[in-house]
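Below: the structure, in structure tokens.
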Amino acid sequence: MFGKNEVLETVEMVEKEHLNIRTVTMGISLLSCIRGTAEETADAVYGCIMRRAEALVPTVNALSREYGIPIVNKRVSVTPVSLVTAPFPEKSPLVGRALDRAARELGIDFLGGYSALVHKGTADYEKIFLTTIPEVLAETERLCSSVNVGSSRSGINMDAIRLMGEIVKETAERTADRDGLGCCKLVVFCNAVEDNPFMAGAFHGIGEADTVVNVGVSGPGVVQHALSFAPEADLTAAAEIIKRTAFKITRAGQLIAKEAAKRLGARFGIVDLSLAPTPARGDSVARILEELGLSAVGCHGTTAALAMLNDAVKKGGVMASSSVGGLSGAFIPVSEDIGMIESAEAGNISIEKLEAMTCVCSVGLDMIAIPGDTPASTISAMIADEAAIGMINNKTTAVRVIPAPGKKVGDEVRFGGLLGRAPVLPVHGGDASRFIGRGGLIPAPIHSFKN
Amino acid sequence: MRAVVTVTGTDRRGIIAKVSELLYERKANIEDISQTIMGGQFAMMMIVQCAEEDADFTALAAALDELGRSIGMSVRVQHADIFDAMHNV
């Protein structure tokens, strides 16, 4: 049983501190949709999504009403499409468009899985698939794409990274009229996870069951509010406050996940223990770090504060859920976090500092606008650096940068909604093209040999 | 289902009367009620048994929300399980 104060605490979390479930994501396997031709496959994929995800949006909306907890996004993740279109890779856009159409018709916010897993090598069909990404992201609205280019077990596929630098650039150019919006829907991973409910990187791994429900929790505002009552607490005590808060947030996510899976006739997959910010005031991860005593996120001390936050969130959340997975950690997307936006505008945060921060949290260089004339090889080099951090530290890392066409340092890009806005940050002017041009595979690290 | 109705806002006369009347009209049964006033702020919690059907529950929630607006307070109804989940190990 619960008391009056506990009830009021929950109500306050929702009304004043932006407690919400960030996403209920239904993972759907498309392997059974492969047919003899691309056209038939696209039809089967469309039919599969329309059938299995038909009840997703109304069911989740009903849960949100009943439990009084906002559920921000209803999403779907699918088997990496490169596998589904392997016999006819040049026609992959047909499947991409079919997925986008199904998402729009069902009112699904984002659908992830226009993806390829090339962490050890790029098959011929995957190479063709990758080159379709810019076109598909420019033509579709809700479809998201991800590419895994490295892993701790296999090393880093530098040939794929070289190609991805060019694909990121082309994606931006094809959506130049929208500040390069296509790049907001494209993420390059190292150590991608198969049960991630968050976009743009969600896909449904081939080791997963047919239909699965994964839930991503949120609530940076709740954590910041809890910490604001203990301005003098030492960091041990602060970590305890974060743990307790993360526990409560995650329990709400676990309840919603179990109930959603039951009502949708799917398996309950995982709860992703993440602190995911939005551009709204009071919903910022950066502000938590500042609450801990930093004048502005990005100053010295930021990495340590973030490491503590990330670890405490996991410790609190792990006990609250029967099955934890996904990315699970604090997110630091620049354009989607008002504290990060303001820090970047004031010149308090650099890409180099953001890279350091990604060593201790999930996920990577996320939603960062860079000058439109940044060479593809420099973007590849950024991806390589992040992949190296992920590979050596056995964690997921990612790059989602937007080389905003026609924009230079100090300009601003605006994507609207949850994607927010961001000032264009400077990138290092040095040239990595000869390094990137070498290609090949960076061998797997020594600590990958565990058998 | 077992649900929790919460009413928060500036204290004024007749709050409990109005909320109870609405619950009675909607066939929800009040099982427990407690209230407190902190610095002029009124906070009330009721545990009620109400309809399982989604349409009925949605209608009840909408009616309570509208009542809240008309008296300038926040009135919410939520499934009780959410509080059990968040506050009990």
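A quick note: this is a predicted structure, and the numbers were derived from the prediction, not measured. Reminder, nothing fancy here: chain letters follow the sequence lines and each chain counts from 1.
- Looking at every heavy atom in both residues, B:H79 comes nearest to B:F57 through N-CZ, 4.4 Å.
- Only the side chain of B:T6 comes within contact range of chain A, with at least one heavy atom under 4.5 Å from a heavy atom of that chain.
- Between the A:N214 side chain and the A:I270 main chain, a donor and an acceptor come within less than 3.5 Å of each other.
- With hydrogens and angles disregarded, no donor-acceptor distance shorter than 3.5 Å links the side chain of A:S77 to the backbone of A:A202.
- A donor-acceptor contact shorter than 3.5 Å is absent between the side chain of A:E105 and the backbone of A:A102.
- Distance check: A:R281 CZ to A:I338 CD1 gives 4.5 Å after rounding to the nearest 0.5 Å.
- With a 6.0 Å radius and a threshold of 12 heavy atoms from other residues, nucleotides or ligands, A:E54 has its CD atom at or below the threshold.
- Residues from residues 226-238 of chain A never place a non-hydrogen atom less than 4.5 Å from a non-hydrogen atom of chain B.
- Looking at A:L63, there are no atoms closer than 4.5 Å to chain B (heavy atoms on both sides), in backbone or side chain.
- Counting non-hydrogen atoms of neighbouring residues, nucleotides and ligands closer than 6.0 angstrom, the NZ atom of A:K4 exceeds 12 such neighbours.
- For a residue to count as touching a neighbouring chain, one of its non-hydrogen atoms must lie under 4.5 Å from one of that chain's; by this rule B:V77 touches chain A with the backbone only.
- With a 4.5 angstrom heavy-atom cutoff, B:A61 does not touch chain A via any of its atoms.
- Looking at B:A3, neither its backbone nor its side chain comes within 4.5 Å of chain A, counting heavy atoms on both sides.
- Scanning residues 247-255 of chain A against chain B with a 4.5 Å non-hydrogen threshold yields A:F247, A:K248, A:R251, A:A252, A:L255, sorted by number.
- With hydrogens and angles disregarded, no donor-acceptor distance shorter than 3.5 Å links the side chain of B:N29 to the backbone of B:Q49.
- Only the side chain of A:E9 comes within less than 4.5 Å of a heavy atom in chain B; its backbone stays farther off.
- Under the 3.5 Å distance criterion, with hydrogens and angles disregarded, no donor-acceptor pair is assigned to the side chains of A:R263 and A:T59.
- When all heavy atoms of B:I15 and B:T10 are compared, the pair lying nearest together is CD1-O, 4.4 Å.
- The backbone N or O of A:P277 lies less than 3.5 Å from a partner atom in the side chain of A:R22, making a donor-acceptor pair.
- A:S328 and A:V271 make their closest contact through OG-O, 4.2 Å (heavy atoms, listed as atom of the first residue, atom of the second, distance).
- Contacts of B:L60 with chain A are absent, with no heavy-atom separation under 4.5 Å from either backbone or side chain.
- A side-chain donor-acceptor contact under 3.5 Å links A:N20 to the backbone of A:H18.
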